[in-house]
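Below you'll find the structure, written out as structure tokens, and then a few comments.
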Number of protein chains: 2
Amino acid sequence: MSATASERSYHHGRLREALLVAGLGLARADGPEAVVLRAASRAAGVSHNAAYRHFADRDELLRAVCEQCMSRLAVLMEARIDALPADRDPVATAWARLDAIGRAYVEFATTEPGWFRTAFAVPPTLDSFGLGEGVGASGLGPYALLSARLDELVEVGAVPSERRPGAEYAAWSAVHGLSTLLNDGPLRDLPAIEREHALRVVLDTVARGL
Amino acid sequence: MSATASERSYHHGRLREALLVAGLGLARADGPEAVVLRAASRAAGVSHNAAYRHFADRDELLRAVCEQCMSRLAVLMEARIDALPADRDPVATAWARLDAIGRAYVEFATTEPGWFRTAFAVPPTLDSFGLGEGVGASGLGPYALLSARLDELVEVGAVPSERRPGAEYAAWSAVHGLSTLLNDGPLRDLPAIEREHALRVVLDTVARGL
DNA sequence: TCGTCAATGTTGTCGCTGTCAACATCAGTC
DNA sequence: GACTGATGTTGACAGCGACAACATTGACGA
């Protein structure tokens, strides 16, 4: 544990973490397809094939990187909720929180496009997306965070309870779709002001429709 | 045209189309990453590198395949509109048409997941998505088809005109997001009944919010 | 009729990748 | 102090995209 990378002789000591960090760097710069075993090994200062002692194959490394990306998404969503002023009436607070996690989702996608694409490169299950290993500080994934907001809206009476079943699909599809369209799709060249406009329209439309 | 693949001697004659067809087959089965120059060349019964006489590189072939996929999406959307009974009042017709193209979008994504992913593999511009080469029978792309539906909703008075600006973002993000979540995302294992439920919730929520 | 030439397809090669097999080194443990 | 399992290295192979050099063909003009 005391050995730094420079003094290591034969065994790296923390190769798994080093490969993960390298993979995160590659993903951040150029997306999931850039998470390449040999590149990660080079970045970790280790020969190709060393990675096979810690990951069965490239896909397993990519999966690990994905979980990290998903976790960072969840962390940002939580942070944006926590940053909200809480001293308002419950209904307004509930709406503001839904708005905040929606904005956080799109913010993550546009400020970290490589990580966002990587988070969904290996299709996560609902479990891993919601409660699995790739989660935020509170132990909740993006899906669970969204569900909590929708529950809150029903509790405070802002949304009729008969609208609750499946409401995740609507809210989540909207922000996820906007994120991918802005990121990889036909909206990628949209100027910043128009992006903000699109985000507001999407969030407001969903809020009205709930 | 009379020459089949078996009688050709040295020159293929229609290699460009053959490569495109092969690429579409590869994309259909395994998505954009399966559109591989050498595989397409093999399928066309031609040696690797022959493709370079018709496409500058792999990306150009993939781009051509993308356009085909986008076109097929537009064609399905048009077909689903045309199949609608038109003998109703204008407001109901306008809503039904919006619903139909939304369903068609998700239908394409779930019945042809490889093609759907390929359509967005090389980020299309708004122009190509709306009016460019990858378009349907009427000459309109998916984006233009959606815009026409929203215009119609305003014309018949179903949607207030102050809601019109940016309405594409909301409608399009919702169906696109649901499509990708069902296709590659955490919803890919959803049973058919739940998929239908999710689709209805998404479409209804957007319609209410417009 | 014949030669020329541009278009088109082929063969060979290179570097990159993932992956398997064989070997080397090290940290503990009996 | 030797054994052993964990970890890292070297070497190899096939598949890929891309470049260069070469082969074949059909069309067109002398």
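Lettering follows sequence order; numbering is per chain, from 1. Since we're looking at a predicted model, the values are computed, not measured.
Separating the CZ atom of R42(B) from the P atom of dA14(D) is a distance of 14 Å, rounded to the nearest angstrom. Here the P atom of nucleotide dT17(C) and the CG atom of D30(A) are 13 Å apart, to the nearest Å. Straight-line distance from the CG atom of L61(A) to the P atom of dG18(C): 9 Å, rounded to whole Å. Residue L19(A) contributes atom CG, which lies 13 Å from atom P of dT7(D) at whole-angstrom precision. In this structure, NE2 of H54(A) is placed 10 Å from P of dT9(D), rounded to the nearest angstrom. Between L62(A) atom CG and dG18(C) atom P there is a gap of 11 Å when expressed in whole angstrom units. In this structure, CG of N49(B) is placed 10 Å from P of dA18(D), rounded to the nearest angstrom. Protein atom CZ of F55(B) is 16 Å distant from nucleotide atom P of dC19(D), rounded to whole Å.
When atom types are taken as modelled, the side chain of R38(A) and the backbone of H48(A) share no donor-acceptor pair closer than 3.5 angstrom.
A donor and an acceptor atom never sit less than 3.5 Å apart when one is taken from the side chain of R16(A) and the other from the base of dT7(D). Donor-acceptor pairing under 3.5 Å, judged by distance alone, is absent between the side chain of R58(B) and the base of dG17(D). For D59(B) and dG17(D), a side-chain-to-base donor-acceptor distance below 3.5 Å is absent, hydrogens and geometry of angles not being considered.
Using cut-offs of 30° and 60° on the angle between ring planes, the pair Y105(B) and H176(B) is perpendicular.
Between R53(A) and dG5(D) there is no side-chain N or O to OP1 or OP2 distance below 4.0 Å. Side-chain nitrogen and oxygen atoms of Y52(B) include none within less than 4.0 Å of the OP1 or OP2 phosphate oxygen of dC19(D). Within the structure, every side-chain polar atom (N or O) of R14(A) is placed at least 4.0 Å from both OP1 and OP2 of dG8(D).
Residues L15(B) and L37(A) both approach DNA chain C. Their nearest nucleotides, taken by heavy-atom distance, put L15(B) toward the 5′ side.
Bending across the helix from dT1(C)-dA30(D) to dC30(C)-dG1(D), expressed as the angle between its end axes from five pairs apiece, amounts to 20° (10° rounding).
Going from atom CZ of R72(B) over to atom CG of L24(B) covers 5.0 Å, rounded to the nearest 0.5 Å. In this structure, CG in L98(A) is found 12.5 Å from OG1 in T93(A), a value given to the nearest 0.5 Å. The CZ atom of R103(B) sits 12.5 Å away from atom CG of L76(B), with the distance rounded to the nearest 0.5 Å.
Between A100(B) and R80(B), the closest heavy-atom pair is CB-O, 4.0 Å.
In the set dT11(C), dT9(D), dA18(D), dT11(C) carries the atom at the smallest distance from any side-chain atom of S47(B). Checked against dG17(D), dG9(C), dG11(D), the side chain of R38(B) finds its nearest nucleotide in dG17(D).
Within the 4.0 angstrom heavy-atom criterion, base atoms lie near H48(A).
Using a 4.0 Å cut-off between charged side-chain N and carboxylate O, R63(A) and E67(A) make no salt bridge.
Judged as a side chain to side chain donor-acceptor pair (under 3.5 Å), and not counting sequence neighbours, R58(A) has no contacts.
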